[in-house]
Every structure is written in structure tokens, then in C-alpha cells.
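Comments concern the structure below.
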There are 2 protein chains.
Amino acid sequence: MSARQVTLAEVAKQAGVSLATASRVLNGSTRQVSEELSDRVLRTAEQLGYVPNASAQALARNSSSLVGLVVHDITDPYFSCIAAGVTRVAEEAGLVVVLGTTGRRPEREVELLSTLRAHRARAVVLAGSRTTDRASQARLAAEIDAFTEQGGRVACVSQAKLGTDTVVPGNRAGGRALARSLAELGHKKFAVLGGPSELVVARDRLAGFKAGLADAGVAPPVVINGAFTRDGGYEAALELLASKSRTTCVFAVTDVMAMGAMAALRERGVRVPEDMSIAGFDDIPTLRDTVPALSTVRLPLEEMGEIAAGLVLDAGGDEARTVRVAGEVVLRASTAHN
Amino acid sequence: MSARQVTLAEVAKQAGVSLATASRVLNGSTRQVSEELSDRVLRTAEQLGYVPNASAQALARNSSSLVGLVVHDITDPYFSCIAAGVTRVAEEAGLVVVLGTTGRRPEREVELLSTLRAHRARAVVLAGSRTTDRASQARLAAEIDAFTEQGGRVACVSQAKLGTDTVVPGNRAGGRALARSLAELGHKKFAVLGGPSELVVARDRLAGFKAGLADAGVAPPVVINGAFTRDGGYEAALELLASKSRTTCVFAVTDVMAMGAMAALRERGVRVPEDMSIAGFDDIPTLRDTVPALSTVRLPLEEMGEIAAGLVLDAGGDEARTVRVAGEVVLRASTAHN
DNA sequence: GCAGCGCTGGAAAGCGCTTTCCCGCCACGC
DNA sequence: GCGTGGCGGGAAAGCGCTTTCCAGCGCTGC
């Protein structure tokens with residue numbers, strides 16, 4: 001099988017020009033080539049089905065056309081939306097996206113970054129939420145340094161004190177606004193189903209929510225931590241019910257957790273929103289058709305992916321840029337007056 | 001910035017050995033290297049933070065560590081589940097996944113394949129559903145040939161007469177079994193919200209469903225075609241309602257379409273399942289918590305991704321292999337007796 | 001008329017790695 | 001003692017491309 005691959009040299013020979021000329025024609029260098037030769041080269045390339053060897057180009061140019069995208073779990077709609085944004089922008093720029101999934105293990109993130117460095121990826125978008133664990137933060141920072149040293153750019157989605165470009169969603173502000181809106185509905189006893197306490201995203205949303213309740217003069221919420229997943233929400237909700245608190249309104253720090261929580265409530269015969277109001281965060285498009293429709297804070301996820309990709313692709317100074325993205329409270333049927 | 005990248009040559013020099021030796025130590029060639037030298041090389045590599053240049057390796061070895069994954073829309077849970085399976089297997093094998101999205105444009109698929117070829121990707125998983133359009137089929141087949149010529153492997157998810165390894169879900173059988181189950185509930189008037197008629201997956205599910213109805217001695221369904229998306233399901237359902245048919249049970253050929261359809265029914269005050277039963281296909285995990293719970297045909301999506309990746313990664317003979325994956329009917333609350 | 005310039009084409013030197021080929025060394029057997 | 005292998009190490013030839021540098025040539029300007 002394996003019919004030898006067509007190389008630039010073959011094209012050049014066939015077209016009766018030098019390697020240099022062929023290269024200049026086929027890759028838009030600054031140098032001019034006469035129309036005649038140019039045509040000849042283009043034609044023979046076409047006819048031989050020439051495809052440049054990307055590895056060779058990358059090696060010669062010392063820069064590749066790869067863009068990394070690191071997420072925790074591509075199955076989670078939060079990440080798949082961001083991924084869609086990133087790939088759209090990257091593909092428009094003629095780049096290729098390499099997808100890495102960490103399964104939420106910080107060390108995987110470092111590994112992936114190192115692999116990406118080996119591939120001389122031009123840029124990387126780190127979409128996974130940050131942790132507050134010092135040790136892994138440090139390792140990650142070191143790896144990011146190595147990566148930028150080498151000429152690559154890095155951007156993070158969600159806040160990161162990593163000195164990289166960042167698109168930061170208004171987690172805190174969103175949580176706060178949501179709390180106020182819910183307080184306006186007359187609720188007095190709140191609970192929050194929070195993610196793991198070391199997750200920055202979860203902490204910020206929680207902190208914002210608490211602040212919002214304080215603004216409204218409402219007592220602080222009961223907080224139950226759980227995994228940052230559907231099942232985490234489910235378990236946390238069960239725990240809440242078991243605690244016999246008089247909660248009338250629950251805030252799950254992500255829509256996905258809220259879905260799990262609603263499932264738990266339903267199983268236990270707690271009606272939403274009659275017996276309990278519930279709100280999430282993110283406004284995952286796939287979940288918009290659920291019943292009752294989930295109140296939440298809308299984040300423009302795809303757009304966030306696009307912005308991150310944009311940041312990471314146009315060079316910019318060496319100042320780390322930060323783009324803030326506001327969340328918008330959307331009250332729907334899952335929350336009712338109390 | 002850009003501190004020059006550490007190269008093998010530097011490591012070799014530092015360690016006082018030849019390039020060849022350093023290479024042999026750091027990449028597990030068949031050749032033996034004495035423990036002393038080996039240690040020295042390993043240590044200096046570690047200490048210099050050496051990371052091999054993947055492009056250079058790819059060039060020298062004439063094979064890269066890239067695996068392509070082509071999907072229509074990573075936001076669609078169907079694809080993101082498959083993607084999760086593919087990435088898991090690829091990452092375990094130490095390979096890197098490059099993600100391409102077509103936005104359902106067949107020519108994009110060809111472009112992507114060509115890019116992947118340029119990168120000398122070792123293998124590609126084509127997860128997008130096939131079309132029956134002759135012209136694009138032919139172009140795709142040509143590109144696949146070029147790819148395999150060059151030594152790459154290709155696998156498809158969902159049926160494809162493309163002569164590649166394939167994992168084919170039991171679309172037909174699943175549709176048929178579903179139809180029978182629904183007929184058993186006593187329904188007599190069915191409608192199908194089908195995808196675009198040229199989509200093989202949609203056709204097969206529909207054909208199976210019709211066969212199942214025939215098995216049960218039930219009249220053929222009304223068929224309404226629409227886009228293969230949530231909105232497509234929504235529109236198709238509206239159309240169905242407008243048609244004033246006496247339908248009591250609707251089959252949407254994907255869960256995502258079913259969600260759209262349910263939204264439309266709800267808006268028009270049609271209760272599910274009291275006034276209308278509805279079933280989907282795929283059993284998307286994210287959608288399992290919806291109310292009413294959707295009856296569907298479960299496909300092991302992640303596993304399908306894993307299988308496809310497995311096929312494409314272990315060489316196998318030149319026979320095109322086919323792995324069939326059965327769908328399992330799951331009746332839930334969205335379908336009721338009639 | 002000639003120095004000087006701008007422009008196009010080609011030769012060749014890499015880019016960082018793998019791998020072939022060769023060399024020197026040692027142990028062994030006759 | 002010397003031929004034979006086997007084995008560990010290094011020199012060097014690529015892999016396919018980009019890009020620098022140089023050569024040639026037709027013009028312009030004095």
C-alpha cells in the first residue's frame with residue numbers, strides 16, 4: 001500500500017523549478033514569483049495531489065498550527081459549549097485544535113501542557129476550573145512558564161492568578177445578583193449546594209451568593225459541598241433534605257448540579273417550585289427545555305470560548321489581559337414566590 | 001523572552017555522549033545503552049527540562065502521535081459522549097486527539113481529513129453521520145483513500161459503505177424494537193419526526209420503526225422531516241400539530257429532537273404523555289433527568305467512541321472490520337398506554 | 001557608458017530528531 | 001596467535017520543508 005507521499009521536491013522537479021521557488025509559491029512567502037512559474041507549480045501540485053507535510057513545516061518554521069484545548073470532561077455541556085467556541089475561532093484561523101481531557105486531575109493538566117509543548121502548540125486554552133491547592137498550582141504555573149518561554153501563549157477561562165490572559169465570568173457578581181433576585185421573591189431560608197470547597201469557581205459563586213443575601217438582609221445559607229457533577233448535586237440535595245432544615249430555596253452552583261438536585265427532590269416527593277425553589281448557574285443550552293424550566297445565571301459559554309481563543313491567537317503585548325463576561329440572572333419556573 | 005528550547009543535542013553534549021546515544025536512551029529504541037551512560041543522559045535531560053520536539057520526531061519517524069476526531073457539533077451530547085470515549089482510549093495509548101468540527105457540511109469533512117493527512121495523523125475517527133449524497137460521498141471516499149494510502153487508519157461511527165472499520169449502532173433494529181414496544185402500549189396512530197431524508201442514521205431509524213409498526217399490524221406513521229437538531233424537532237412537532245392528525249404517539253429520531261418536540265407540545269398545551277406519548281433515540285445521559293423522563297433506545301455512546309478508537313488504533317488486517325452495537329429500548333414516563 | 005539598484009530564481013544550510021552504518025573492543029574458539 | 005562474532009558507541013545521512021544568501025539581469029541615473 002503506502003504509495004510514497006508526494007513531496008515538495010517532486011512537485012518542484014515535475015514543474016522544473018527549484019525547491020525554493022516551489023516553496024515560495026505554495027506557501028505565500030513575501031517573495032514574488034513570476035506568474036508563469038507560479039502557475040506551473042500550482043498546476044503540478046494540484047495534479048500530483050501535493051499536501052505539505054505539517055511536521056516538516058512546523059520544524060522548519062519552528063512553530064506549528066496546533067492550538068491546545070484542555071477541559072475536565074468534554075461530556076459536560078459547560079465544557080462542550082466552550083469547546084465549540086474555541087474550535088470555531090481556531091478553525092477560522094486555519095489552526096487545528098487538540099483536545100485534552102483531565103478528568104479533573106490537576107496532574108493531568110500539567111502532563112497535557114507538557115505534551116502540547118512538545119508539539120510546539122502555538123497556544124493553549126485552559127478551560128478547566130482552577131483549584132486553590134498550592135502545590136498543583138505551582139506545578140501548573142511552572143509548566144505554563146515553560147510553555148510561554150518557548151513562545152506559546154496561554155489563556156484561561158475562569159479566574160486564575162496565573163499571569164495569563166484570562167476570560168473571567170462574573171461568578172461572584174452573578175451569584176450576588178441571583179441571591180438578590182431570589183430574596184426579592186420572599187425567600188428567607190436558603191441553602192447552597194456548593195462544589196468542592198477548593199474549586200475557585202464554586203467558591204466565588206458561593207461567596208457572591210452570600211454577599212447578595214447579606215445585601216438583602218437575609219440570613220446566611222446552609223452550605224452543603226458535593227462533587228461538581230450531576231451526581232454531586234443529587235447527593236447534596238439528599239443531604240439537605242435529611243438535615244430537616246426549613247429551606248425554601250436552593251442554589252446549586254451549576255446547572256448540572258441543579259439537575260441532579262431536582263432529580264433528588266422529585267424522588268423524595270418535594271415539588272419544585274411549590275415546596276422548594278431551585279436555581280442553577282451557567283444556563284446550559286441543552287437544559288433549557290427541562291420542566292420546570294431552571295432559573296439560573298446565563299453565561300455566554302460559546303462566546304467565552306471564542307474570546308479565549310481570540311485572546312490566545314492575536315499576540316497582544318506581554319501584559320496579561322483580562323476580559324470580564326457578565327452573567328445575567330434568568331428567573332424561570334423553578335423558582336417561585338414564597 | 002523565548003529562552004531557546006532545550007534540544008537533544010544540548011542534552012547529549014552536557015551528558016558527554018553522542019546524539020545517537022542520547023536519542024536511544026530517551027526514546028526506548030531496541031538498541032542497548034550501558035547503564036552508566038543511560039543514567040547520565042536521563043539525569044541531564046531531567047535537569048535541563050528536555051522535552052522532545054514532536055514535529056521533529058514525527059518527521060524523522062514519518063509518523064506522528066496524532067489521532068483525528070471529526071464530529072458535526074461538539075455541543076451535541078451525542079457527539080460529546082463519543083468524543084469522551086475516543087479521547088479516553090487515545091490518551092491511554094499516549095496519543096493526542098485533534099478535534100475537528102464540520103458544522104454538518106460534508107466538504108468540511110473532506111477538508112479536515114486533508115489537514116489531518118498533512119499532519120500525518122496516525123488515525124481518524126469519523127463520528128459524523130453519513131449522507132447519501134453521491135458526490136460528497138465520492139469526495140470523502142477519495143480523501144479516505146489518500147489517507148490510508150499514506151498509512152493512516154480510518155474508522156467510522158454509524159454505517160458507512162466506505163470500506164473502513166466501522167462501529168454500527170443498531171439503528172434499524174432499535175427503531176423496530178421501539179415501534180413494537182410502543183404498539184404494545186396500544187397506540188394506533190404514530191408520527192415520526194425524522195431528520196433530513198439524506199441522513200443515513202435518520203433513514204435507518206425510520207425504516208426500522210416502520211418495520212416494527214408493520215410487525216405489529218399498525219398503520220404506517222406520518223413522517224415529518226426536519227433538521228437533526230433540537231430546533232428541528234421543535235419545528236417538526238409544530239408542523240405535526242398543525243396537520244391535525246390524530247396521532248397519539250410520536251417518535252423523534254434523536255433524543256435531542258425529542259426535547260425540542262416536547263417543548264413545542266408543551267407550548268401548545270399538549271400534555272405528555274396524557275395527550276401524546278413521545279419517544280426518542282440515543283438515551284443521552286444529560287437528558288435523563290428531564291420530566292417526563294424520555295422513553296428512548298439506549299446506545300452506549302461513550303463505549304462506541306472507545307470501540308472506534310480501539311479499532312483504529314490496533315492495526316488489524318486489511319479487512320474492514322465491523323462492530324455492531326445493540327440499542328436497548330427503555331420505556332419511561334414520556335410514553336403511556338393508549 | 002557604467003555603477004548601482006531592485007527583482008527573481010536557485011543552491012544550500014539548517015530545523016531537531018532517528019537510524020543506518022561503521023568502528024573499536026572484548027570474549028571466545030580453534 | 002588469530003579469525004569471528006557480538007556488542008556498545010559515534011558519525012553522518014537523511015526526513016520535508018523554510019529561508020538566507022548569492023548570482024544574474026534588466027533598469028535607472030548621472
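Basis for what follows: all heavy atoms, side chains included, without hydrogens, waters or symmetry-related copies. Here is the naming used below: chain letters follow the sequence lines, and residue numbers restart at 1 for every chain.
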Are any protein N/O atoms closer than 3.5 Å to N/O atoms in nucleotides 26-28 of chain C? If there are, list each pair with its distance.
none

Kindly list each side-chain donor-acceptor pair under 3.5 angstrom involving residues 94-105 of chain B, sequence neighbours excluded, with atom names and distances?
unit_1: B/T101; atom_1: OG1; unit_2: A/E91; atom_2: OE1; d: 3.3
unit_1: B/T102; atom_1: OG1; unit_2: B/H72; atom_2: ND1; d: 2.6
unit_1: B/T102; atom_1: OG1; unit_2: B/R104; atom_2: N; d: 2.9
unit_1: B/R105; atom_1: NE; unit_2: B/T102; atom_2: O; d: 3.3
unit_1: B/R105; atom_1: NH2; unit_2: B/T102; atom_2: O; d: 3.3

Subject >> From CA spacing to verdict: side chain to side chain contact (heavy atoms under 4.5 Å, CB included), B/E109, B/E143 >> reply: CA-CA 9 Å; B/E109 201 161 30; B/E143 205 38 62; over 6 Å; no

Subject >> Nucleotide D/dC15, atom C1' - distance to CD of A/Q5 in whole Å >> reply: 13 Å

Original post:
Say you draw a straight line from CZ of B/R139 to CD of B/E107; how long is it, rounded to the nearest 0.5 Å?
Top reply: 7.5 Å

**OP:** Walk me through it: do A/S65 and B/H119 pass the test side chain to side chain contact (heavy atoms under 4.5 Å, CB included)?
**Re:** CA-CA 10 Å; A/S65 56; B/H119 284 274; 3.4 Å; yes

Subject >> B/L116: which of B/V154, B/V124, B/L69 passes side chain to side chain contact (heavy atoms under 4.5 Å, CB included) >> reply: B/V124

**OP:** May I ask you to verify if any side-chain N or O of B/S34 is less than 4.0 angstrom from the OP1 or OP2 atom of D/dG9?
**Re:** yes

**OP:** Could you check how far CD of A/Q32 sits from P of C/dG10, rounded to whole Å?
**Re:** 15 Å

Write out a two-atom table: protein N or O, nucleotide N or O from nucleotides 19-21 of chain C, distance below 3.5 Å.
unit_1: C/dT20; atom_1: O4; unit_2: B/R24; atom_2: NH1; d: 3.4
unit_1: C/dC21; atom_1: N4; unit_2: B/R31; atom_2: NH1; d: 3.4

Subject >> Nearest-0.5 Å distance that lies between atom CG in A/L66 and atom CZ in A/R120 >> reply: 12.0 Å

**OP:** Look at atom CZ of A/R324 and say whether more than 12 heavy atoms of other residues, nucleotides or ligands are closer to it than 6.0 Å.
**Re:** no

Original post:
Rounded to the nearest 0.5 Å, what separation is found between the OG1 atom of A/T44 and the NZ atom of A/K13?
Top reply: 13.0 Å

**OP:** Give the C-alpha distance, both sets of side-chain angles, the deciding distance and a yes or no for side chain to side chain contact (heavy atoms under 4.5 Å, CB included) between B/M304 and B/V167.
**Re:** CA-CA 7 Å; B/M304 285 162 54; B/V167 4; 4.0 Å; yes

Original post:
How long is the line joining CD of B/E35 and P of D/dG8, in whole Å?
Top reply: 12 Å

**OP:** Rounded to the nearest angstrom, tell me the gap between atom CG in B/L26 and atom P in C/dG16.
**Re:** 16 Å

Original post:
Mind checking what makes side chain to side chain donor-acceptor pair (under 3.5 Å) contact with B/S38, not counting sequence neighbours?
Top reply: none

Original post:
To the nearest 0.5 Å, how far apart are CD in B/E302 and CD1 in A/I74?
Top reply: 11.5 Å

Subject >> Phosphate OP1/OP2 of D/dT18 contacted by A/Q57 side-chain N/O (<4.0 Å) >> reply: yes

Subject >> Lys/Arg N to Asp/Glu carboxylate O, A/R108 vs A/E111, below 4.0 Å >> reply: yes

**OP:** Could you list by number each residue of residues 36-52 of chain A showing a heavy-atom separation from DNA chain D of less than 4.0 Å, or answer none if no residue does?
**Re:** A/Y50, A/P52

Subject >> Between the first and last five pairs of the helix from C/dG1-D/dC30 to C/dC30-D/dG1, the angle of the axes, rounded to 10 degrees >> reply: 50°

Original post:
Could you state the CG-P distance from A/L59 to D/dG14, rounded to the nearest angstrom?
Top reply: 17 Å

Subject >> Test applied, side chain to side chain donor-acceptor pair (under 3.5 Å); reference residue, B/R153; option that passes from B/D314, B/D165, B/T148 >> reply: B/D165

Original post:
Does the pair A/E92/A/R88 count as a salt bridge with the N-to-O cut at 4.0 Å?
Top reply: no

Original post:
Looking at the side chain of B/A56, which of C/dC17, D/dC17, D/dG8 is the nearest nucleotide?
Top reply: C/dC17

Original post:
Looking for any heavy atom pair under 4.0 Å, which part of the strands does A/N53 touch: base, sugar-phosphate only, or nothing?
Top reply: sugar-phosphate

**OP:** Send over the distance from B/K13 NZ to C/dG16 C1', rounded to a whole Å.
**Re:** 16 Å

